[in-house]
Amino acid sequence: MDVVREIGRLKELRPSWARPVGLVPTMGYLHEGHIELVRRARSDSGTVVVSIFVNPTQFGPSEDFGRYPRAFERDLEMLRAEGVDVVFAPAPAEMYPEGFCSWVDVEDVTSSLEGESRPGHFRGVATVCNKLFNIVDPTRAYFGQKDAQQVAVIRRMVRDLDMNLEIVVVPTVREPDGLAMSSRNSYLDAPSRAAATVLYRSLVAAREMRRAGCRSASAAVSCMSDIIRSEPLARVDYISVVDPVTFRQVESLDGEALAVLAVRFGSTRLIDNLLLE
Ligand code: AMP
């Protein structure tokens, strides 16, 4: 497995890679969710490239960039065990050298929810993904449904800017009790970790309502809200039902409807989502 830190070196290696090339962008501190993306890429690709880069530009000034968990050597071991060919792990100054001033701004789909709660977040995400796509030139890039609005933003960017790759979305991997796997789960103390199961329970309750014939998005939101507010450690940031492509709020559950939420437990902010089918 090649571990590459420089963009120039990666571009030198590129002509020797067997195509198709699969790229899995990550911020490291890997778990089974990331590994599921890697396995999907492995089964589709001649060459699998995993990037590990805690991207400073997608964190707000009061967010957790400084304390974001890191375990680089352990990550490399996990990726070696999955038969990954290349790990790209640049330093921040390699990606954002002195004078960097070009950004990708995806409008509209970024105006709500995560985009509203985390100003500038999706500009950082879209810019770093565009850079990674240019550096690696993948046939496909793999993203998790766990970050559903990120998926919508990247798909929009690829379509709008005619980028030459396919975006593959992998279902959310969950702990046995339903909590979506996330590097940020490591911040949770035992009581918050136990309380955090309320997120998936509320999403499943909304899906059950839909399956039982409910067509009202606001009824589904009220149901999720009641369940989450019954947990004293949970502080709701948002709960909504949206169109999974535009991320605009929907009123009826007749079409495609995605239940999405962001909830804080102490200083840890968790997101999750479920298609109401
Ligand atoms: P991150 O390292 O958090 O930026 O995540 C890297 C990629 O892994 C993103 O495309 C995430 O959506 C995806 N991912 C994170 N957690 C999960 C999960 N529990 N299941 C599936 N994909 C995930």
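Note that the numbering runs from 1 along the sequence shown for the chain. Just so you know, ligand 1 is whichever comes first in the structure, and atom 1 is the first atom listed for that ligand. As a basis for the values below, the full set of heavy atoms in this structure was taken, side chains included, without hydrogen atoms, waters or symmetry mates.
- Note that CZ of Arg229 is 11.0 Å distant from OG of Ser202, once rounded to the nearest 0.5 Å.
- Counting heavy atoms closer than 4.0 Å to ligand 1, residue Pro171 contributes backbone atoms (N, CA, C, O) but none from C-beta onward.
- Among all protein heavy atoms, the one lying closest to atom 11 (C) of ligand 1 is Asp147 OD2, 3.1 Å.
- Judged purely by distance below 3.5 Å, without hydrogens or angles, the side chains of Tyr68 and Glu63 never pair a donor atom with an acceptor atom.
- Residues Glu82 and Ile35 form a side-chain contact, since some pair of their non-hydrogen atoms from C-beta on lies under 4.5 Å apart.
- Of the candidates His34, Glu36, Met27, His31, it is His31 that places a heavy atom closest to atom 16 (N) of ligand 1.
- Applying the 4.0 Å criterion to heavy atoms of Phe143 picks out, from ligand 1, the atoms 10 (O).
- From the protein, the heavy atom lying nearest to atom 10 (O) of ligand 1 is Gly144 N, 3.0 Å.
- Proximity of Phe247 to Leu258: side-chain heavy atoms (C-beta onward) are separated by under 4.5 Å at one or more points.
- Between the Asp272 side chain and the Tyr200 main chain, no donor and acceptor come within less than 3.5 Å of each other.
- Listed by number with element, the atoms of ligand 1 under 4.0 Å from a non-hydrogen atom of Met181 are 16 (N), 17 (C), 18 (C), 19 (N).
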Item to complete: Carefully, step by step, assess Cys129 and Phe143 under the rule side chain to side chain contact (heavy atoms under 4.5 Å, CB included).
Response: CA-CA 11 Å; Cys129 286; Phe143 289 88; 3.9 Å; yes
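- Close approach of ligand 1 to Leu37 is summarised as follows: ligand atoms under 4.0 Å from at least one heavy atom of the residue are 7 (C), 8 (O), 10 (O), 13 (C), 22 (N).
- Within 6.0 Å of atom CD in Glu251, 12 or fewer heavy atoms from other residues, nucleotides or ligands are found, so the atom counts as exposed in its surroundings.
- When Ile52, Ile271, Val173 are ranked by how near their heavy atoms come to atom 20 (N) of ligand 1, first place goes to Val173.
- The nearest protein atom to atom 7 (C) of ligand 1, hydrogens excluded, is given as Pro25 O, 3.6 Å; this is a heavy-atom distance.
- The atoms of ligand 1 that sit less than 4.0 Å from any heavy atom of Thr26 are 2 (O), 6 (C).
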